[in-house]
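Hydrogens, waters and symmetry mates are skipped; everything else that's a heavy atom, side chains included, is used. The sequence lines fix the lettering, A, B, ..., with proteins before strands; numbering per chain opens at 1.
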2 protein chains.
Amino acid sequence: MGRIREFDEEKVLEAAMQLFWEKGYEATSLSDLTSRMGIQRPSIYSAFGDKKGLFEAALRKYTMSRASDVRTKLHNNPSVKEAFSTFFEDVVAEEYTEGLSRGCFCINTMVELAPHDEKFEILTREHQMYLSVIFQETIERGIQSGELEPHIDAKALSQALIVSLIGLTVIMKSRPNRSFVDNSIKVTLSLLK
Amino acid sequence: MGRIREFDEEKVLEAAMQLFWEKGYEATSLSDLTSRMGIQRPSIYSAFGDKKGLFEAALRKYTMSRASDVRTKLHNNPSVKEAFSTFFEDVVAEEYTEGLSRGCFCINTMVELAPHDEKFEILTREHQMYLSVIFQETIERGIQSGELEPHIDAKALSQALIVSLIGLTVIMKSRPNRSFVDNSIKVTLSLLK
DNA sequence: CAAATAACATACTGATCAGTATGTAATAGA
DNA sequence: TCTATTACATACTGATCAGTATGTTATTTG
């Protein structure tokens with residue numbers, strides 16, 4: 001009963017996600033959001049609670065989509081070494097292609113909000129832990145197939161690769177020379193033996 | 001001629017630095033600043049121009065002090081491997097000791113401002129490049145002393161270590177298990193052979 | 001001491017912030 | 001068709017934002 005909604009919640013959430021991803025939480029105003037989402041202020045509040053609630057919904061949407069992407073990319077390549085090098089190169093290519101370096105929405109949030117808001121500390125941590133498990137599974141697959149040496153510590157190595165991926169994503173925001181990131185990746189991935 | 005200044009510019013700048021470091025640029029208001037710096041609003045504007053100018057001065061103070069610290073820590077230890085492992089462990093210890101994880105002021109700025117303000121893109125990039133040179137010099141010292149293998153690419157390795165250090169600093173904001181960061185460091189520093 | 005200068009403190013500016021009150025339009029069930 | 005309900009758009013709220021105008025106090029120079 002009652003009037004039916006005219007906007008698609010998934011679509012406006014996608015728009016909000018893009019905006020928060022670009023500008024962060026504090027620098028994004030409700031006016032920015034209404035114009036980008038194409039709906040009025042009270043619609044936002046009725047659908048998502050408040051600004052923090054909308055941000056959280058946007059971040060959850062991002063992390064779920066991102067985790068799925070990472071899983072697909074790493075699982076689809078039969079060669080583990082190639083899977084990782086292609087994955088890291090894709091991350092770099094995306095960042096240098098776009099005019100604005102948005103980086104990773106989750107990492108941005110880890111820096112801006114996690115230290116001051118436990119909800120986001122947990123949310124961002126769990127996303128990184130999940131990615132780390134995907135990395136670990138991939139490395140273990142490489143060990144079992146014989147592509148990687150059997151003695152390596154898959155868990156510890158996956159954690160080191162996650163840390164490198166984060167560092168890479170962050171330093172690209174300062175637009176270093178391409179050689180800097182290429183060198184870093186080459187050296188880091190030499191750990192995959 | 002005229003009344004003499006009652007505040008110490010270095011001291012109030014130090015206070016501003018601490019606040020911006022904790023909260024970032026957007027989340028820090030002029031009211032926050034006046035109360036923490038202990039001076040009135042017009043004094044800030046006469047000494048530092050505007051909010052961005054104050055932030056820039058604070059960041060420059062930070063990066064200079066930080067670069068000096070890093071140089072000292074890495075140069076003072078005769079063993080290069082030990083210098084790096086102590087250095088990384090110190091970074092972790094500091095972050096897990098304090099209640100709030102401030103991380104690195106420069107890295108925080110790289111995420112918040114560098115993508116939207118070229119001045120900070122350059123400033124943060126140059127700081128990271130400078131740290132990378134300090135790392136490289138240290139690695140080269142290890143090669144010359146015979147502690148490290150002669151064939152390693154000191155430049156590329158130093159860049160990979162910088163990337164790992166950034167990733168480590170960022171992920172600690174989500175307070176992962178200590179074992180996660182310990183594993184990462186152990187694996188990454190295994191590149192120093 | 002008088003004039004000039006500069007830092008001081010208070011209080012203000014218009015703009016913008018997140019969030020909401022209010023009235024209208026559209027839908028469902030009775 | 002009437003009533004209840006929900007979404008809509010407009011316009012408003014008090015609070016806070018960055019930055020400044022104004023007048024006072026302290027110091028130097030003549």
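Checked by atom type and distance alone, the side chain of Lys51(B) pairs as donor or acceptor with a backbone atom of Tyr25(B) at under 3.5 Å. A donor-acceptor contact shorter than 3.5 Å is absent between the side chain of Glu82(A) and the backbone of Asn77(A). Put simply, the side chain of Thr72(A) gets close to the backbone of Ser68(A): a donor and an acceptor are under 3.5 Å apart.
Listed by residue number, the members of residues 111-121 of chain B with any heavy atom below 4.0 angstrom from DNA chain C form an empty set.
With sequence neighbours left out, Ala57(A) forms a side-chain contact (heavy atoms from CB on, under 4.5 Å) with Leu13(A), Phe48(A). Residues satisfying the ring pair (Phe, Tyr, Trp, His ring centres under 6.0 Å) criterion with Phe20(B), sequence neighbours excluded, are Phe55(B).
Comparing Phe7(A) and Ile4(B) along DNA chain D, the residue whose closest nucleotide (by nearest heavy atom) sits nearer the 5' end is Phe7(A).
The interatomic distance linking Gln40(A) (CD) with dT24(C) (P) rounds to 17 Å, in whole Å. Taking atom CD of Glu6(B) as the reference point, atom P of dT25(D) lies 13 Å away to the nearest angstrom. We find that CZ of Arg3(A) is positioned 6 Å from P of dA26(C), with the value rounded to whole Å. Atom CD1 of Ile44(B) is separated from atom C1' of dA6(C) by 18 Å (rounded to the nearest Å).
Residue Ser43(B) places at least one side-chain N or O closer than 4.0 Å to OP1 or OP2 of dC8(C). Note on Ser46(B): every side-chain N or O is 4.0 Å or more away from OP1 and OP2 of dA7(C).
Pairs engaging residues 64-84 of chain B under the ring pair (Phe, Tyr, Trp, His ring centres under 6.0 Å) rule: Phe84(B)-Phe135(B) [sequence neighbours left out]. The list of ring pair (Phe, Tyr, Trp, His ring centres under 6.0 Å) pairs with a residue in residues 136-181 of chain A, not counting sequence neighbours, is empty.
The pair Arg125(B)-Glu121(B) counts as a salt bridge, with a side-chain nitrogen and a carboxylate oxygen less than 4.0 angstrom apart.
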statement: Each nucleotide of nucleotides 14-22 of chain D classed B (base within 4.0 Å of a protein heavy atom), S (only sugar-phosphate) or -, in 5' to 3' order, makes ---SBBBB-

